[in-house]
Q: 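Attaching a single structure in structure tokens format; questions to follow.
Quick note: numbers below take in every heavy atom, side chains included, and nothing from hydrogens, waters or symmetry partners.
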Amino acid sequence: MLPAILSSPSSSSTSTFPLRYSSLSSLTNLSSLPLTIGCRRTSKKSTHNNCSIRVQASSRMIEKETPETERPHTFLRESDEGSSGDDSSKPNSVRARFEKMIREVQDSVCAALEDVDGGGKFKEDVWSRPGGGGGISRVLQDGDVFEKAGVNVSVVYGVMPPEAYRAARPVDNGDTKPGPIPFFAAGVSSVIHPKNPFAPTVHFNYRYFETDAPKDTPGAPRQWWFGGGTDLTPAYIFEDDVKHFHSVQKGACDKFDASFYPRFKKWCDDYFYIKHRDERRGLGGIFFDDLNDYDQEMLLSFSTECANSVIPAYIPIIEKRKDTPFTDEHKAWQQLRRGRYVEFNLVYDRGTTFGLKTGGRIESILVSLPLSARWEYDHQPVEGSEEWKLLDACINPKEWIC
């Protein structure tokens, strides 16, 4: 995954947001191209005006979602001009099977969460994009157990400009200047915030991306990759819970490659890092992106296994902790850790920042944020306290299982 490339406003410069992302919120925006937003300097005096005009023009070209009253059987199109020639609507295509998987995961996770909550129900919004595809957003809010839980799927098409293509996938020949590149992106994403401070927040996201270069374009082949992960963010450490969570992640990884868990566990610790705090957002899990150096069928099965592991990894922890008695002090600490969650998502999460900068569906982009959070000036937990132990584990990532 590449971070946003923001070039300085020097001569003929452009600010470009490559198509790599870590949150489903960005998937809801990918067909809202152009993805190039910036300014081109013609002279020192005209820089500001040209930049302003360019951004305004780009904003007007962003497509907005259309609310739908019914869920479609599929968001896939029967034909896709400029594609590799595969019929993406065929039931055996990777696109079709990935869409089927993420919609089944959305159904199963929502059903499991409603069962645990007891009283809360998910509100569903279905939307489509003029450029192709659409999505289903589901949110449970102010339930008996969950303060806020969002589970979203998105399947979108679009066209990226050559600048974004070269940023995402450098061409073999530096002189090659391919035209606009059609792309396909699909994913499922969820963030679940329980009310009880002893019950942890969890986030997961699994996605698939394809680009199709224009026919006969040298140095710009068709590309595909998978990305995703599942991570745990508690306010208090219960080692048995954390070990259980990581053991399920390791079990899913080990079915495919013994190197996956240690590799993706470290990647998770490194990605969910709040640089200005010098600490991690939580206690990790697994995270990967840009994965295409294995067989495509194997990676589709791997992503499916990981997505299906969310319920067995998380639900037993919630059932164990949701009714634990707590004090106002426990709740205040949870709110402080929620503040860290907000900081990471708004400052560093590539999917969130990409979505905000490209004018996407704001409800989908910010669904990951909790209903409430807290910031205290220069808060320092007492050394040796349970709060201190959590902070220490976020600063110094641990190996939770052998």
Side-chain angles (χ1 to χ4, degrees), residues 19 21 23-33 63-112 122-139 150-160 181-190 204-212 222-228 292 296-297 299-308 310-311 351 355 360-361 363-364 367:
L19 297 197
Y21 47 86
S23 164
L24 187 69
S25 60
S26 60
L27 284 174
T28 67
N29 307 310
L30 290 176
S31 59
S32 65
L33 302 174
E63 295 177 342
K64 295 301 181 183
E65 297 81 4
T66 302
E68 302 291 347
T69 57
E70 295 183 359
R71 271 177 272 155
H73 173 68
T74 179
F75 288 106
L76 297 173
R77 302 183 296 193
E78 291 185 3
S79 62
D80 183 31
E81 287 187 21
S83 71
S84 61
D86 294 336
D87 184 351
S88 61
S89 67
K90 290 181 179 179
N92 291 326
S93 71
V94 172
R95 293 183 182 187
R97 283 183 288 154
F98 195 86
E99 183 196 28
K100 180 176 182 293
M101 181 272 283
I102 61 178
R103 292 182 65 166
E104 288 176 348
V105 167
Q106 184 185 45
D107 289 343
S108 62
V109 170
C110 288
F122 278 90
K123 177 184 183 295
E124 178 176 282
D125 292 317
V126 181
W127 50 270
S128 62
R129 299 295 304 249
I136 303 169
S137 299
R138 294 180 185 167
V139 177
V151 189
N152 299 340
V153 297
S154 180
V155 179
V156 296
Y157 298 80
V159 178
M160 72 175 82
I181 307 297
F183 73 89
F184 167 84
V188 58
S189 182
S190 176
F204 72 89
N205 171 265
Y206 292 96
R207 58 199 175 273
Y208 174 68
F209 202 106
E210 285 185 8
T211 61
D212 293 322
R222 174 181 175 181
Q223 301 284 354
W224 57 265
W225 57 88
F226 291 84
N292 67 356
Q296 190 178 34
E297 291 294 326
L299 292 178
L300 175 60
S301 297
F302 172 60
S303 297
T304 301
E305 183 72 25
C306 290
N308 286 333
V310 171
I311 292 175
R361 184 174 187 265
E363 295 300 332
S364 295
V367 73

Q: Using the rule given for side chain to side chain contact (heavy atoms under 4.5 Å, CB included), can you reason through Val94 versus Trp224, listing the C-alpha separation, both sets of side-chain angles and the distance that settles it, and then say yes or no?
A: CA-CA 10 Å; Val94 172; Trp224 57 265; over 6 Å; no

Q: Return the orientation label for the Phe209 and Phe183 ring planes: parallel under 30°, perpendicular over 60°, tilted otherwise.
A: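 Phe209 and Phe183: parallel rings.
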
Q: Apply side chain to side chain donor-acceptor pair (under 3.5 Å) to Glu363 and list each qualifying residue two or more places apart in sequence or on a separate chain.
A: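 Listed in chain order: nothing, the list is empty.
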
Q: Which heavy atom in Arg77 sits nearest to a heavy atom in Gly132, and how many Å separate them?
A: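 Taking every non-hydrogen atom into account, NH1-CA, 4.3 Å.
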
Q: Evaluate the side-chain proximity of Phe204 to Val188: yes if any heavy-atom separation is below 4.5 Å, no if none is.
A: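 Yes, at least one pair of side-chain atoms sits under 4.5 Å.
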
Q: To the nearest 0.5 Å, tell me how far Arg97 CZ sits from Glu297 CD.
A: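 Output value for this atom pair is 4.0 Å.
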
Q: Nearest 0.5 Å, what's the CZ-CG distance between Phe98 and Leu300?
A: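 Result: 7.5 Å between the selected atoms.
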
Q: How far does CG of Asp107 sit from CZ of Phe122, to the nearest 0.5 angstrom?
A: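 With rounding to 0.5 Å, CG (Asp107) is 11.0 Å from CZ (Phe122).
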
Q: Work out which heavy atom in Gly187 is nearest to a heavy atom in Ile102; give both atom names and the distance.
A: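 Reported closest heavy-atom pair: O-CD1, 3.5 Å.
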
Q: Work out which heavy atom in Ser189 is nearest to a heavy atom in Asn205; give both atom names and the distance.
A: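 For Ser189 versus Asn205, the nearest heavy atoms are CB-ND2, 3.3 Å.
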
Q: For a side chain to side chain contact (heavy atoms under 4.5 Å, CB included) check, start with the C-alpha distance between Leu76 and Tyr157, then their side-chain angles and the critical distance, and finish with the verdict.
A: CA-CA 9 Å; Leu76 297 173; Tyr157 298 80; 3.2 Å; yes

Q: To check you understand the geometry: which heavy-atom pair defines the closest contact between Ser137 and Trp127, and what is its length?
A: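 Ser137 and Trp127 have their closest heavy atoms at OG-NE1, 3.5 Å.
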
Q: Test Ile136 against Glu124 for side chain to side chain contact (heavy atoms under 4.5 Å, CB included), laying out the working first.
A: CA-CA 7 Å; Ile136 303 169; Glu124 178 176 282; 3.7 Å; yes

Q: If you compare all heavy atoms of Ala186 against all heavy atoms of Val155, which two are closest, and at what distance to 0.1 Å?
A: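 It is CB-CG2, 4.0 Å.
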
Q: Hey, what do you get for OG (Ser154) to CZ (Arg129), rounding to the nearest 0.5 Å?
A: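 Separation between the atoms: 8.0 Å.
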
Q: Might you point out which heavy atoms bring Glu68 and Ser128 nearest each other, and give the distance in Å?
A: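 Smallest interatomic distance, heavy atoms only, reads OE2-OG, 2.5 Å.
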
Q: Working note: Val105 + Val310, criterion side chain to side chain contact (heavy atoms under 4.5 Å, CB included); need CA distance, chi angles, decisive distance, verdict.
A: CA-CA 9 Å; Val105 167; Val310 171; 5.9 Å; no

Q: Judged by atom type as modelled, is there a donor-acceptor pair below 3.5 Å linking the side chain of Glu99 to the main-chain atoms of Thr74?
A: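 No, Glu99 side chain to Thr74 backbone: no donor-acceptor pair under 3.5 Å.
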
Q: Can you tell me how far OG1 of Thr304 sits from OH of Tyr206, rounded to the nearest 0.5 angstrom?
A: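 If we round to the nearest 0.5 Å, Tyr206:OH and Thr304:OG1 are 10.5 Å apart.
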
